[in-house]
Amino acid sequence: MASISISGLPPGTQISRYELISELGAGSFGITYRARDLDRGIDVAIKEYLPKEIAVRTSGRKVELRSPEHERFYQWGMDRFVTEAQILAQFRHSNIVKVLNYFHDNGTAYFVMEYQAGRDLDRIIKTKDHIMVEDQIRAWLVPVLSGLNTIHQKNYLHRDIKPGNIFLTRSGTPVLLDFGAACFAMGDEVRKTSDVLTPAYASIEQYGHQAALGPWSDLYALGATVYRCFVKKAPISAYNRSDAFSRGAKDPLLPASKVGEDFASPEFLRVIDWMMTVVAAERPQSADDVLVALGEKPLATADVGKVFLAAASGSGVTVSDTRPNVSRPQEEYKLLFCGSSDAGKTTAVSVLGDVPAMTTELWPGALGGRVKRASTIAHDYAYMDLGSNERIHLYGTPGAPKFKFMGDLLKVGAFGVVVLIDNRQQDSLVELERMLEQYSELLEANRLVIGVTHMDKAVQPGIDHFQQWLFSYCRNRVVIPPVFDVDARSARDLKLLIQALFYANSPVAVTA
């Protein structure tokens, strides 16, 4: 019986027209070699498919299975390995590794890449005796964003961006490596059979089958990679951060604006924190969004976010028609709808939105839907445009008190809050007090309004009763929030609430 080995092929071995020079590295699924292209007289890098858990190499160089039962998985993995080569062969971009050839031999598969001397970012971070500063990071970050944009334009995601997959050549050119997790964003069937993630860098949507993946997913990983340059250790995972949010705890990850304040400008660090936002909808949606925020020239590309959502739909719904444009209007406002259960928040968001409200059924996991841990934050989402250059983003939260953390997260950056109270509830005033306490800072800033719904079904307490109660509650405050009798199905009523937010700029003094 032939002897078994899990080591790489020895130097001098010839595969096809390539002669191996040395082993460059090995991982769980393969080995990479430096080799010589004997026909062209140039050095290349060759990646060999060898999943060490299920396959071994015999003394005759051939790769064989440890057990026949692994045949199906081995073949599936090899197909994906070749798919990676085929994907990369499409691209001719200075910041994406170039694939020159791919072939089968020795019972496995290989693909040939352009060879360049240098080191990956992970090794550089670990060996440098000082933290990277903003200029050093920008030098590789901006070109990588350009490479990512090219990938996204083809409707692919990298899905495993991390320091080890960003290679810096000796000339300083950054190159994206290892597209083993890349795939078409074609819906749940692809995603369910291709989830590969590195916990410290993976976005929250990569942990669950209900969340839509897109360019925003790669941008989270890229932001986490920059974060790693400041802290010299892997950042806390999005999963653990979500878990903390679901328990009502604060974010366990110190923001980049804190950990990097000695090494980069506040503006730069705010962009990194934006990229690392747990909620996918709150992140930049394209490489252009990040470049503009960094003060760089945008790439003037197509709306890749729409393309990904349409591909990920898996239904007859044209999801791309319901997503906010990646090309943003000049002025944007974030408005949160909260309040008691069954008060009409979902209805209100749907009525006001210029597009149907996005829920689990229409847009799985992208902006919320049914609550599962903290990977879904907004219960409903839509937007409404004011003219041609202003947009209001409308977010709805669940009414149950146990989901208080969702409102706490979504109120960050909100222009204002609309509190809807169901008048049929016996404890409607207790519920209103709970809402006013939760959003007290927005109340003090005169950016909170109240709508009382279902007053046609429960006439008591009347609107005057709510007004008197608010007068008493706000006796020691500088404002009394406006309160209206509204029908959540009436766009006119709802727009009146929003107008109150925009025009209530003169607080009413309340004296004893």
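Keep in mind that this is a model prediction, so the values were computed, not measured.
Side-chain contact between Leu222 and Ile166 is present, with at least one heavy-atom pair separated by less than 4.5 Å. You'll find the side chain of Leu294 reaches within 4.5 Å of the side chain of Leu145, heavy atoms only. Within the 4.5 Å cutoff, side-chain heavy atoms of Phe111 are placed close to those of Phe81. Counting heavy atoms from C-beta outward, Leu176 and Ile151 have side chains that approach closer than 4.5 Å. Between Leu20 and Pro11, every side-chain heavy-atom pair lies at or beyond the 4.5 Å cut-off. For the pair Asp251/Phe245, a side-chain contact is recorded, criterion being any heavy-atom separation below 4.5 Å from C-beta on. Inter-residue side-chain proximity for Arg57 and Ile31 is flagged as met; some heavy-atom pair is nearer than 4.5 Å. At a threshold of 4.5 Å between non-hydrogen side-chain atoms, the residues His70 and Glu53 do not count as touching.
Around CZ of Arg92, the count of heavy atoms belonging to other residues, nucleotides or ligands within 6.0 Å exceeds 12. Around the OH atom of Tyr74, the shell of radius 6.0 Å holds more than 12 heavy atoms that belong to other residues, nucleotides or ligands.
Salt-bridge formation is detected for the pair Arg34/Asp43: a Lys NZ or Arg NE/NH1/NH2 atom is positioned less than 4.0 Å from an Asp or Glu carboxylate oxygen.
Rounding to the nearest 0.5 Å gives a distance of 10.0 Å between CG of Leu157 and CG of Leu219. Rounded to the nearest 0.5 Å, atoms NE2 (His152) and CH2 (Trp216) are 9.5 Å apart. For the atom pair NZ of Lys98 and CE of Met113, the computed distance is 13.0 Å after rounding to the nearest 0.5 Å. How far CG of Asp79 is from CD of Gln86: 9.0 Å, rounded to the nearest 0.5 Å. The CD1 atom of Ile15 lies 4.0 Å from the OH atom of Tyr110; values are rounded to the nearest 0.5 Å. Taken from CD1 in Ile21 to OG1 in Thr13, the straight-line distance is 12.0 Å, to the nearest 0.5 Å.
Here the closest non-hydrogen pair linking Ala55 and Leu50 is O-CD2, 3.7 Å. Listed here is the closest heavy atom pair of Tyr115 and Ala45: CB-N, 3.7 Å. Between Pro252 and Ala244, the closest heavy-atom pair is CD-CB, 3.7 Å. Between Asn95 and Pro174, the shortest heavy-atom distance links the atoms ND2-O, 2.8 Å. Scanning both residues, Leu291 and Lys297, for their nearest heavy atoms gives CD1-O, 4.0 Å. Closest heavy-atom contact between Ser217 and Glu205: OG-OE2, 2.8 Å.
Under the 3.5 Å distance criterion, the side-chain polar atoms of His158 are matched with a main-chain donor or acceptor of Leu177. Looking only at distances, no side-chain donor or acceptor of Ser242 sits under 3.5 Å from a matching main-chain atom of Tyr239. Judged by distance alone, with hydrogens and angles left aside, the side-chain atoms of Asp37 form no donor-acceptor pair with the main-chain N or O of Ile42 at under 3.5 Å. Trp274 places a side-chain N or O within 3.5 Å of a backbone atom of Glu282 that can act as its donor or acceptor partner. Looking only at distances, a side-chain donor or acceptor of Gln136 sits under 3.5 Å from a matching main-chain atom of Val133. The backbone N or O of Lys52 lies less than 3.5 Å from a partner atom in the side chain of Arg66, making a donor-acceptor pair. Remark: the backbone N or O of Arg159 is paired with a side-chain donor or acceptor of Gln206 at under 3.5 angstrom. A donor-acceptor pair is defined here as one N or O able to donate and one able to accept, closer than 3.5 Å; such a pair exists between the side chain of Asp120 and the backbone of Asp122. Listed for the Ser146 side chain is no donor-acceptor partner under 3.5 Å among the backbone atoms of Val142.
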>> Could you go through Gln14 and Leu38, starting from their C-alpha distance and side-chain angles, then the distance that decides it, and tell me whether this counts as side-chain contact (heavy atoms from CB on, under 4.5 Å)?
In response: CA-CA 10 Å; Gln14 186 169 335; Leu38 300 176; 3.7 Å; yes
>> Before you tell me yes or no, could you show the steps for Leu88 and Val97 under side-chain contact (heavy atoms from CB on, under 4.5 Å), namely the whole-Å CA-CA distance, both residues' side-chain angles and the distance that decides it to 0.1 Å?
In response: CA-CA 7 Å; Leu88 289 170; Val97 62; 3.9 Å; yes
> Do Ser237 and Tyr207 pass the side-chain contact (heavy atoms from CB on, under 4.5 Å) test, and can you show the C-alpha distance, the side-chain angles, and the key distance before you say yes or no?
Replying inline: CA-CA 11 Å; Ser237 71; Tyr207 286 88; 3.8 Å; yes
> Does the side-chain contact (heavy atoms from CB on, under 4.5 Å) test come out yes or no for Ile137 and Phe230, once each step is laid out?
Replying inline: CA-CA 10 Å; Ile137 294 172; Phe230 295 131; 3.7 Å; yes
List the atom pairs, with distances to 0.1 Å, where a side-chain N or O of residues 253-272 and a protein N or O form a donor-acceptor pair under 3.5 Å, not counting sequence neighbours.
from, atom 1, to, atom 2, distance (Å)
Ser257, OG, Asp273, OD2, 3.3
Ser265, OG, Glu134, OE1, 3.0
Ser265, OG, Phe268, N, 3.2

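For Ala414, the side-chain contact (heavy atoms from CB on, under 4.5 Å) partners are Lys334, not counting sequence neighbours.
A donor-acceptor pair shorter than 3.5 Å cannot be found between the side chains of Tyr220 and Arg283. For the residue pair Ser286/Asn149, the side-chain donor-acceptor check at 3.5 Å is not satisfied.
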